[in-house]
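Proteins come first, then strands; the chains are lettered A, B, ... in the order of their sequence lines, and each starts at number 1.
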Amino acid sequence: MLVELRHIHKRFGAVHANNDVSLTARPGRVHGLLGENGAGKSTLAKILTGFITRDSGDILLDGKPARISTPADATAAGIGMLHQDPLDVPAMTALDNFMAGMPGRSPVTVLRGAAAEKRFREIAAGLGFKLDPRDRVGDFTVGERQQLEVIRLMALGVRTLILDEPTTGISAAQKDQLFEAVRQMAREGRSIIFVSHKLEDVCALCDEVTVMRRGEVMGGRVLREEGRLLDTPARISSDLVTLMFGRELASPSRETHRQEQPAFTLSGVVLDDRRLRIALPEIAIRRGEIIGLAGLEGSGQRLLLQHCAGLLPATAGRLLGRTDLTHKPHKAYLRAGIMYLPADRLKEGLIGGLTLQEHVALRRSVAGKAGTFVNRASALDGAEKAITALNIRGRPDSRVERLSGGNQQRAQLALMPAQLDLILMEHPTRGLDVESAMWVWKLLRERCASGTSILFASADLDEIMQYSDRVIVFSGGQVAPPVEANALDVDRLGRRIGGQMDA
Amino acid sequence: MATPASAKTPSPGAAYRVGAIVVGLIFIAGLVLLTGHSPIDVLVAMVKAAFGTEDQFARVLATLVPLTLCACGLIFTFNAGLYNLGVEGQMIIGGIAATLALRLLQDSAPGPVAMAVAILAGIAGGVVWALLAGALNVFGRISEIFAGLGLNFVAQGLAVYLIFGPWKRPGVASMSGTAPFPETLWLPTIGKTEASPVALIAGLVVLVFTVIVMRNTYFGLRLRAVGLNPRSSTVQGIPATRYLLSAFALSGAMAGLAGGLQVLAIFHRLIPNISSNLGFLSLLIVMLGNFNALFVLPLAFFFSALNVGSLTLPIQFQLESALAGVIQGVLVLAALIGRGLSQQARARARAAAVRKG
């Protein structure tokens with residue numbers, strides 16, 4: 001089915017998640033939707049499948065305007081989505097799941113297990129999946145559960161299939177199987193939209209690609225005609241990286257607050273969170289230095305940050321600050337003046353339900369500078385000072401979850417203790433408007449001037465190039481030693497992220 | 001179910017809350033009408049039965065104490081994000097522990113000493129029982145709801161076993177409980193009524209303690225932080241496990257105290273129904289009060305009066321006194337529905353404001 005999305009807009013509060021996004025997916029073709037997390041891909045996929053209502057814009061199916069405002073509308077129109085998290089019932093067998101997922105059956109219909117099983121096996125064989133319908137889904141791997149879901153979608157007769165980050169958490173062999181099945185479905189005349197932030201997967205599978213960044217379409221490219229690549233893989237991926245991360249050149253000359261003496265040293269550190277295992281190079285973080293962590297999302301940047309925060313013990317190696325922090329409890333890291341500001345502000349940073357003023361009081365008590373009773377007056381005073389100093393749009397009694405993303409980030413910064421040796425940040429300015437982003441960096445730079453070191457991960461290469469003294473590149477399970485940012489430019493950084501480590 | 005959290009902002013959906021309660025009251029009135037009685041008559045009779053005589057009012061006060069104590073304990077667990085349904089069992093164990101202490105000391109120690117020890121034993125029993133649920137929850141990753149309910153059955157079974165086994169009355173064991181303690185081991189009461197000044201003071205002290213801790217101390221603030229977001233709290237350096245277990249322990253202590261006072265001040269023996277479902281009733285009180293300690297006393301008083309007042313229903317109207325339970329249940333449901341609707345209304349208002357802005 002020919003799917004055309006035209007001038008789609010969607011705002012969440014201050015964030016323009018989809019800004020004039022247009023995309024055309026043709027029957028028989030696999031269309032990649034590429035972009036970093038937060039680029040607006042999932043929003044677009046959810047708009048097309050009726051989970052989110054768009055603010056404006058049109059959806060055309062086979063050239064005719066379609067009204068898709070609920071998931072049921074999308075299903076009826078022949079649009080199916082393979083969700084990132086499986087939607088099945090683990091306690092039931094694959095066949096039971098398959099039958100339960102068929103709509104239009106009244107609850108009193110006698111289950112025709114034999115017929116359903118035959119249909120299941122036919123579809124599975126057609127796609128090259130080897131699933132036994134009688135096995136319990138709870139015993140399946142993520143890849144097998146995905147295959148089950150694909151089979152179910154095929155039985156529903158979808159004519160357009162959206163796959164949302166389908167290669168996360170599945171084995172290489174399962175990925176090959178999935179890709180082969182996707183090509184087969186395309187050959188049968190379906191249109192496929194493949195949503196991913198993984199460059200190599202998009203290059204390996206897609207016929208054409210649309211790249212999104214910060215809610216906007218940055219460009220598109222045809223990769224294949226008649227199944228043949230139109231260009232060399234290296235040139236394609238370098239082009240796509242540029243589209244994904246942007247290429248506006250940052251001003252190369254900027255003041256640094258870096259001092260000579262190292263504040264923290266990591267030597268021989270190996271990190272493993274069971275999904276990913278990375279060996280880090282020797283890293284000496286100097287006082288007042290800003291180190292940017294660049295790479296596709298999920299390449300290990302978060303592991304490094306969490307390790308430095310004392311939240312993820314290393315399987316090998318040492319971390320030295322003023323004292324030896326290796327295998328010390330989390331408290332020791334807090335005492336050592338290390339602050340971690342996670343990407344998901346309301347999940348791991350702020351506490352939804354508490355007010356700004358209460359956060360101020362809470363941080364004071366954690367810092368051990370408070371007695372038994374809450375000093376409301378001083379917490380109110382502290383909150384008011386923070387609001388003025390950081391220009392937060394909110395009141396001391398505003399609950400943090402009511403603040404906009406930018407104001408939440410400012411609140412997080414305001415709550416940082418005055419004396420810090422190391423700040424660890426994920427995506428310092430993700431989802432923020434330009435003004436807030438500038439505020440955030442102004443504050444961070446001031447911290448550096450007083451000797452604080454900063455380690456930050458970002459999907460925005462401009463941000464990395466503009467603020468880092470040195471850059472550590474994470475790519476395909478490898479971590480390169482830190483390089484001076486002056487010796488890099490956005491293009492070369494993009495190529496390194498793409499795997500050409502010596503670019 | 002509403003998440004345990006304190007609401008402070010004035011709600012544009014307040015109409016829903018009031019409306020839901022009104023609908024609930026109309027439903028109850030309809031129910032009474034169906035039984036062939038006038039709702040007004042029934043209401044008047046119940047008020048009279050609760051407040052008509054000194055004895056009756058004293059009984060309201062006597063029921064108020066365990067309700068307040070359990071509700072105060074639950075304020076801590078709810079604000080820590082826990083549904084401590086084991087409060088009933090914690091109260092029973094408190095009663096058992098107090099009985100045990102009295103049995104051991106009644107022949108050797110002077111009355112006041114024995115009673116003081118019994119109260120402490122009740123508190124300790126409640127703490128142990130609550131920490132058991134807490135340990136299952138924190139270390140065994142078992143939902144505190146199921147751990148608590150399971151332990152309730154164990155506690156209830158233990159009480160029945162003791163009454164019919166080792167602690168049975170000389171002669172014949174009976175559902176009416178163990179042999180009564182001598183009057184030297186009864187807590188003094190106001191006149192000949194059921195109300196005991198010691199119990200009332202204990203309830204008041206615990207209530208004030210709870211209000212102060214939750215509103216004015218860093219402990220209360222951190223407890224709420226842990227309840228609202230354990231992950232963030234841990235990242236910030238708050239030892240979440242310790243706070244969760246503290247909440248269980250406090251709740252158990254207060255429920256255990258309530259159970260001990262039931263033995264010492266009301267029944268003067270261990271009976272199978274020592275908790276009289278007051279633990280569960282206090283769950284409703286706390287939910288109805290939106291997990292706020294300030295609402296505990298008025299709501300507990302209302303529920304207590306309802307309980308005592310309903311005793312007249314079978315006598316005057318040949319109605320089941322269980323109607324009191326129906327009334328309580330309907331009101332709590334109405335309040336929760338009202339809260340849910342008003343939250344939705346507020347969310348809609350916010351969404352509309354965002355769209356406009």
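- Between His307(A) and Tyr333(A) the shortest heavy-atom distance is O-CE2, 3.8 Å.
- Contact detail for Arg393(A) and Arg410(A): the closest heavy-atom pair is NH2-NH2, 4.3 Å.
- A salt bridge links Arg322(A) with Asp421(A): at least one charged nitrogen is closer than 4.0 Å to a carboxylate oxygen.
- The two residues Gln236(B) and Gly349(A) have their closest heavy-atom pair at NE2-O, 3.0 Å.
- Only the side chain of Leu311(A) comes within contact range of chain B, with at least one heavy atom under 4.5 Å from a heavy atom of that chain.
- Ranked by non-hydrogen atom pairs under 4.5 Å with chain B, the options Leu334(A), Asp344(A), Leu346(A), Leu362(A) are led by Leu362(A).
- Of all heavy-atom pairs between Tyr16(B) and Ala345(B), the closest is CE1-CB, 3.5 Å.
- Looking at Leu350(A), the atoms closer than 4.5 Å to chain B (heavy atoms on both sides) all sit in the backbone: N, CA, C or O.
- Chain A forms the most heavy-atom pairs under 4.5 Å with one residue out of Val235(B), Val213(B), Asn216(B), and that residue is Asn216(B).
- At a 4.5 Å heavy-atom cutoff, the contact between Leu354(A) and chain B is made by backbone and side-chain atoms alike.
- Looking at Glu401(A), there are no atoms closer than 4.5 Å to chain B (heavy atoms on both sides), in backbone or side chain.
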